[in-house]
2 protein chains.
Amino acid sequence: MSQFKPIRPSRVSDEVVKQLRDGILSGRLKAGERLPSERDLAQDFEVSRVAVREALRKLENSGFICVRHGATGGAFVQELTFDHLTMSFVDLFLAERISIEDLYQVRLLIEPEIARLAAQRITPEDAGRLLTALEEEERQSQSMEDDIQRKTTVHFILAEICRNKFFEVLVRALMEVTRRVVLAGSPDFNFIHPAGMHRPVVEAVLAGDAQGAAEAMRLHAIEFGKTLIQREKTFREKQSLSSS
Amino acid sequence: MSQFKPIRPSRVSDEVVKQLRDGILSGRLKAGERLPSERDLAQDFEVSRVAVREALRKLENSGFICVRHGATGGAFVQELTFDHLTMSFVDLFLAERISIEDLYQVRLLIEPEIARLAAQRITPEDAGRLLTALEEEERQSQSMEDDIQRKTTVHFILAEICRNKFFEVLVRALMEVTRRVVLAGSPDFNFIHPAGMHRPVVEAVLAGDAQGAAEAMRLHAIEFGKTLIQREKTFREKQSLSSS
DNA sequence: ATTGGGTTAATGGTTTTACCATTTACGGAA
DNA sequence: TTCCGTAAATGGTAAAACCATTAACCCAAT
């Protein structure tokens with residue numbers, strides 16, 4: 001083993017990224033704050049505007065900032081959301097590094113647990129939101145996009161009731177992949193995921209019946225999961241077709 | 001509701017990103033292939049080199065390409081790894097959007113399940129790797145970095161044995177956050193995670209005892225988890241200190 | 001034959017300058 | 001008051017020039 005470490009020449013823009021990122025993560029730059037203009041940043045860092053812009057693109061891509069055009073524009077620090085993690089996950093799915101079967105297995109593990117926790121931790125306020133969402137999803141929908149949106153809401157709310165952000169982000173990722181697969185292949189979403197499918201789960205949660213909620217969710221996950229696995233093949237075919 | 005949708009002026013670089021990304025995800029651009037040089041890409045897309053470079057920074061940031069300098073350099077398509085998802089996750093933790101407690105709860109759910117599955121699916125070849133890793137981690141380590149590295153390996157291998165990429169990526173994320181917290185606060189990792197801690201788990205897995213493996217892992221996760229939760233406070237303090 | 005140095009060519013990295021496009025604010029005219 | 005034009009700030013794009021890194025090649029000295 002050599003005593004020396006290889007030297008990797010670094011890019012100026014990466015140093016800019018590093019400093020800005022540190023500032024944001026440390027809280028020195030708070031969400032909502034505006035960074036100096038590109039020209040000013042270039043002066044402060046003593047680099048060219050191009051270097052600053054490349055750095056901003058990276059930070060934008062990671063969800064740390066959003067950039068607006070115009071007189072009151074600039075780069076604004078964002079509260080980090082779960083969206084970018086979700087998108088990374090979708091990328092892995094699209095790149096076929098993760099299959100629906102993988103996803104199904106994980107879902108079968110965590111969703112019943114979420115239902116169980118939700119039943120234990122639900123507050124009256126949560127109960128109201130949950131019921132509203134359930135009623136919403138049982139109404140007639142105008143479009144499939146809309147239908148899917150409503151039927152995923154119950155899952156989101158249950159995850160939120162757990163007060164565990166990790167569960168939330170997992171459910172988001174699961175739902176986003178599911179949404180895409182369904183959207184690509186099903187003429188009638190209400191057929192493969194009929195209205196009312198969540199009712200047993202929600203009722204058990206509202207009743208505070210942890211065991212019952214978990215079991216109801218398990219059954220739901222199994223039922224819907226089987227359908228989804230079948231859809232993956234269709235999805236992959238469409239995927240490769242549309243891109244050739 | 002208006003019949004029109006708002007128009008968001010788009011950036012040239014984003015269109016470049018889109019086209020290249022589609023090419024990669026569809027498989028038209030395969031891993032290992034080299035994209036045309038920046039100057040050629042600029043000509044092909046009929047945009048400036050700056051726009052191309054901003055696009056490359058984004059793709060680089062998402063893990064789709066890596067860019068090398070020099071005569072045989074250029075942008076090379078990468079096989080999408082779990083690393084970027086892991087980093088997104090670490091960002092969420094550093095931004096305090098996810099706590100160690102959240103993480104602990106999820107870990108307590110999935111790691112026993114991983115042990116269970118591993119016990120059911122293990123092959124002779126897996127058994128060899130697992131044993132080697134166990135022996136490795138029980139040897140004396142030179143540095144803490146090294147020690148942590150070895151003790152996480154068993155977790156990785158168990159996840160791989162499950163043949164479920166989703167579990168793999170979850171374990172990676174969990175371990176990376178754990179690694180950082182431990183690295184920031186513990187003078188002697190072997191004290192809080194003694195060698196041999198994994199032995200009961202590994203032995204149960206090797207014996208094909210699914211139930212026993214799950215239970216052993218549960219105990220391990222509880223024991224180590226408690227320690228880790230205590231360390232979070234120290235970590236957060238150090239974090240805000242080092243950045244002021 | 002090996003070593004080391006020099007040259008060349010390809011490519012990414014960086015800077016500078018100029019100009020375009022978008023957005024907001026302001027002020028004057030109808 | 002409303003409308004419209006103008007100005008100013010800021011991000012977006014482009015072009016040209018040059019620097020830095022890497023690999024490949026040739027060649028002379030050892």
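Proteins come first, then strands; the chains are lettered A, B, ... in the order of their sequence lines, and each starts at number 1. Remember, predicted model here, so these are calculated numbers, not experimental data.
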Can you give one letter per nucleotide of nucleotides 5-14 of chain D, 5' to 3': B if a protein heavy atom sits under 4.0 Å from the base, S if only from the sugar-phosphate, - if neither?
----BBBBBB
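Not counting sequence neighbours, A:T132 has no partner by the side-chain contact (heavy atoms from CB on, under 4.5 Å) test. The side chain to side chain donor-acceptor pair (under 3.5 Å) test applied to A:R129 returns A:E160, not counting sequence neighbours. In this structure A:R163 satisfies the side chain to side chain donor-acceptor pair (under 3.5 Å) test together with A:D126, sequence neighbours excluded. Remark: B:D83 pairs with no residue by the side chain to side chain donor-acceptor pair (under 3.5 Å) rule, at least two apart or across chains. For A:S143, there are no side chain to side chain donor-acceptor pair (under 3.5 Å) partners at least two apart in sequence or on another chain.
Here salt bridge (Lys or Arg N to Asp or Glu O under 4.0 Å) pairs that include residues 47-56 of chain A, with residues two or more places apart or in two chains, are A:E38-A:R49, A:E38-A:R53, A:R53-B:E54, A:E54-B:R53, A:E54-B:R57. Screening residues 87-102 of chain A for salt bridge (Lys or Arg N to Asp or Glu O under 4.0 Å), with sequence neighbours left out, gives A:D91-B:R21.
On the nucleic acid side, DNA chain C contacts chain A at distances under 4.0 Å to non-hydrogen atoms, with the end points of that region at C:dG13 to C:dT24.
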